[in-house]
Amino acid sequence: MLDIKRIRETPDEVRQAIENKNEKGNPDEVIALDLRRREIISEVERLKNLRNVVSQEIAHLKKDRQDAEEKITEMKSVGETIKQLDEELRTADERLREQLLRLPNLCDASVPVGRTADDNAEVRSWIPPHTMRLNEDPEHTVLDHLELGRKLDILDFDRGAKISGSGFPLYIGEGATLERALINFMLDTHLRDHGYREIFPPFVVNTDSMVGTGQLPKMAEDMYRCAEDDLYLIPTAEVPITNMYRDEILEADRLPSSFCGYSACFRREAGSYGKQTKGFLRVHQFNKVELVKFVHPEHSYDELESLVANVERILQLLEIPYRILLLCTGDTSFSSAKTYDIEVWSPAEETWLEASSCSNFEDFQARRAGIRFRPEGKGSKPQFVHTLNGSGLATSRLMVALLENCQTPEGKIIIPKVLQPYTGFTTIG
RNA sequence: GGAGAGGUGGGUGAGUGGCUGAAACCAACGGUUUGCUAAACCGUCAUACUGGGAAACUGGUAUCGAGGGUUCGAAUCCCUCCCUCUCCGCCA
């Protein structure tokens with residue numbers, strides 16, 4: 001949520017920023033609602049003040065056993081007016097908040113202005129030597145992850161579809177173990193080497209949490225919802241972890257607070273049919289290790305860089321080629337002010353696959369969710385924290401890259417060294 | 001699922017219609033004292049919105065789980081809902 005004062009004071013900047021982001025949103029409407037709201041407030045508060053003063057007088061009159069009937073009658077009608085105005089105010093508040101919730105976050109000045117993914121800027125890439133050989137060797141038939149999974153009997157998308165529906169992968173044998181190994185390896189590395197504290201969150205959350213991180217109201221059709229209980233399956237652990245501190249004021253010495261948590265992630269992916277959908281490329285349920293930080297506003301952009309570095313380290317240890325993109329304004333998500341995507345290389349698809357997205361939300365989520373901190377120093381007012389998060393990483397796309405990059409000409413998989421203590425085996429096949 | 005108890009400020013916890021934005025204590029912060037630490041003492045100590053002011057600051061309104069009702073006036077009375085806890089049942 002944007003600060004209404006910022007919209008009020010610099011509507012043109014806000015309008016331009018929304019347009020750069022390819023989002024809809026009308027600051028004028030918000031400004032009009034805000035104006036109307038404040039008019040009502042000043043009137044209703046004047047009347048409430050009157051009522052409070054006169055009620056006090058009535059109390060004194062009664063105490064002195066004097067007649068207060070006239071004042072009581074007068075206040076009766078004031079009360080009626082207040083009730084009406086309160087109702088109007090409630091409506092105005094609601095409409096204003098509704099509009100505000102639908103305005104996207106504005107991008108940081110360092111984000112390149114652009115409309116589509118073509119305008120994203122490649123920041124750097126990292127390619128371990130053996131991968132190049134793999135792709136350049138004409139004798140080496142490169143299998144995609146589906147074929148590898150089927151041949152080695154470690155992934156079964158057909159049976160997954162039978163059990164649940166398409167997009168619900170079933171991991172078998174070494175495939176299941178490898179998945180679990182990846183999760184544990186990533187968690188351990190972030191906890192041990194990168195200073196995160198582990199969270200194991202609930203996988204379903206309430207509406208307030210979804211609004212807090214910005215999934216609702218805009219993305220409602222992408223969520224799995226348990227209507228009976230008004231709960232949502234989480235699309236990412238970002239939601240429960242960020243909402244841990246919803247409506248709280250943190251002490252300044254708690255910042256920065258960095259958390260790392262595994263969760264299954266559920267996405268309906270409505271409207272994405274026809275895009276890259278085969279195998280792991282687009283699924284309804286996947287596993288992800290998520291990184292979330294609550295930081296002091298002054299440091300959030302440094303923290304974003306270190307977040308990205310933490311994710312990169314995982315890929316380097318796994319020896320998976322990747323590149324980092326700075327998303328342009330048009331490709332940056334609704335809630336984010338600046339986002340880096342980390343993409344892994346798929347030799348079979350001969351393309352880069354998004355495996356992580358690291359974002360600085362500045363105070364956008366914090367304002368929605370009411371996450372503040374009390375700055376050092378006496379008499380300081382609470383301020384909104386900045387929140388960041390990134391996938392560290394999602395296993396589905398990572399599994400594609402891992403299987404494809406680690407395959408031998410014979411169609412076996414060589415498990416990366418760092419994972420071997422976790423899998424207990426060194427090859428599959 | 002059945003029965004009961006309870007939700008008050010950062011924490012504990014008083015408060016059953018007006019002088020309670022809310023006692024007291026603890027924590028925190030500032031200060032005095034002290035060779036240092038500790039202790040003691042004094043003071044400060046909620047949040048949001050809104051108005052005035054360049055600002056320091058200051059006026060107003062709201063908030064005692066949420067919403068509604070009664071009343072001139074509600075933390076306090078009534079209704080609905082939510083949440084937490086305890087016991088029983090069921091279950092991993």
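Residue numbering restarts at 1 for every chain, and letters A, B, ... go by the order of the sequence lines.
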### Task
Dot-bracket for RNA chain B, please, read 5' to 3', with Watson-Crick or G-U wobble pairs under 3.5 Å on both distances, ( ) within the strand, [ ] crossing, | other strand, . unpaired.
((((((((.[[[..)..(.....]]].(((((.......))))).(((((((....))))))).[[[[[..)....]]]]])))))))....
### Message
Restricting to side chain to side chain donor-acceptor pair (under 3.5 Å), what partner residues turn up for A:Glu88, sequence neighbours left out?
### Response
A:Arg36
### Query
Does any pair with a residue in residues 182-202 of chain A pass side chain to side chain donor-acceptor pair (under 3.5 Å), and if so which ones, sequence neighbours excluded?
A:Asp188-A:Tyr422, A:His190-A:His194, A:Asp193-A:Arg313, A:His194-A:Arg313, A:Tyr196-A:Asn310
#### Entry: Partners passing side chain to side chain contact (heavy atoms under 4.5 Å, CB included) against A:Asn49 (at least two apart in sequence or in another chain)
A:Val53
### Query
Distance between the C1' atoms of B:C79 and B:C57, in whole angstroms?
44 Å
### Message
Roughly how many Å apart are B:C77 and B:G17, using the C1' atom of each and rounding to a whole number?
### Response
8 Å
### Query
What is the distance, rounded to the nearest whole Å, between atom CG of A:Asp247 and atom P of B:G9?
14 Å
### Query
Taking for each residue the nucleotide of RNA chain B with the nearest heavy atom, is it A:Arg372 or A:Ile72 whose nucleotide lies nearer the 5' end?
A:Arg372
### Task
Identify, with sequence neighbours excluded, every residue that meets side chain to side chain contact (heavy atoms under 4.5 Å, CB included) alongside A:Gln99.
A:Glu29, A:Val30, A:Leu33
### Query
Taking only N and O in the side chain of A:Lys76, is any of them less than 4.0 Å away from OP1 or OP2 of B:C72?
yes
### Task
Using whole Å, report how far CD1 of A:Ile249 lies from C1' of B:G9.
11 Å
#### Entry: With A:Arg51 via side chain to side chain donor-acceptor pair (under 3.5 Å) - residues at least two apart
none
### Query
Taking the same atom, P, in B:U58 and in B:U71, what whole-Å distance lies between them?
39 Å
### Message
Would you say that A:Leu291 contacts A:Ser258 through its side chain, given a criterion of any heavy-atom pair below 4.5 Å between the two side chains?
### Response
no
### Protein-nucleotide distance (A:His60, atom NE2; B:G73, atom P), rounded to Å
17 Å
### Query
Side-chain N or O of A:Arg374 less than 4.0 angstrom from OP1 or OP2 on B:U47?
yes
### Message
For the P atoms, the ones on B:G51 and on B:C25, what distance do you get once it is rounded to whole angstrom?
### Response
38 Å
### Summary
Protein-proximity profile, nucleotides 49-69 of chain B, B/S/- by nucleotide at the 4.0 Å heavy-atom cutoff, equals SSS--------BBS-------
### Query
Do you know which of A:Thr339, A:Asn22, A:Asn120 makes side chain to side chain donor-acceptor pair (under 3.5 Å) with A:Asp331?
A:Asn120
### P spacing across the pair B:U63 / B:G73, given as an integer number of angstrom
13 Å
### Message
Going by side chain to side chain donor-acceptor pair (under 3.5 Å), name the residues that satisfy it together with A:Arg37, two or more places apart in sequence or in a different chain.
### Response
A:Asp93
### Task
Can you tell me the distance, in whole Å, between the NZ atom of A:Lys71 and the C1' atom of B:G73?
14 Å
### Nearest-Å distance for atom pair CZ/C1', residues A:Arg254 and B:A28
15 Å
### Task
To the nearest Å, give me how far apart CD (A:Glu80) and C1' (B:G73) are.
15 Å
### Message
Between C1' on B:G17 and CD on A:Gln56, what's the gap in Å once rounded to a whole number?
### Response
13 Å
### Query
Which whole-number value in Å describes the distance from A:Glu69 CD to B:U71 P?
13 Å
#### Entry: B:C91 versus B:G6 - spacing of their P atoms, nearest Å
31 Å
### Task
Write down the distance separating the C1' atoms in B:C42 and B:G4, rounded off to the nearest Å.
48 Å
## Note on the structure
Sequence neighbours excluded, the answer for side chain to side chain contact (heavy atoms under 4.5 Å, CB included) partners of A:Glu70 is none
### Residue pair A:Ile154 / A:Leu403, side-chain heavy-atom distance below 4.5 Å
yes
### Message
Between B:U12 and B:G68, how many Å separate the two P atoms, rounded to a whole number?
### Response
28 Å
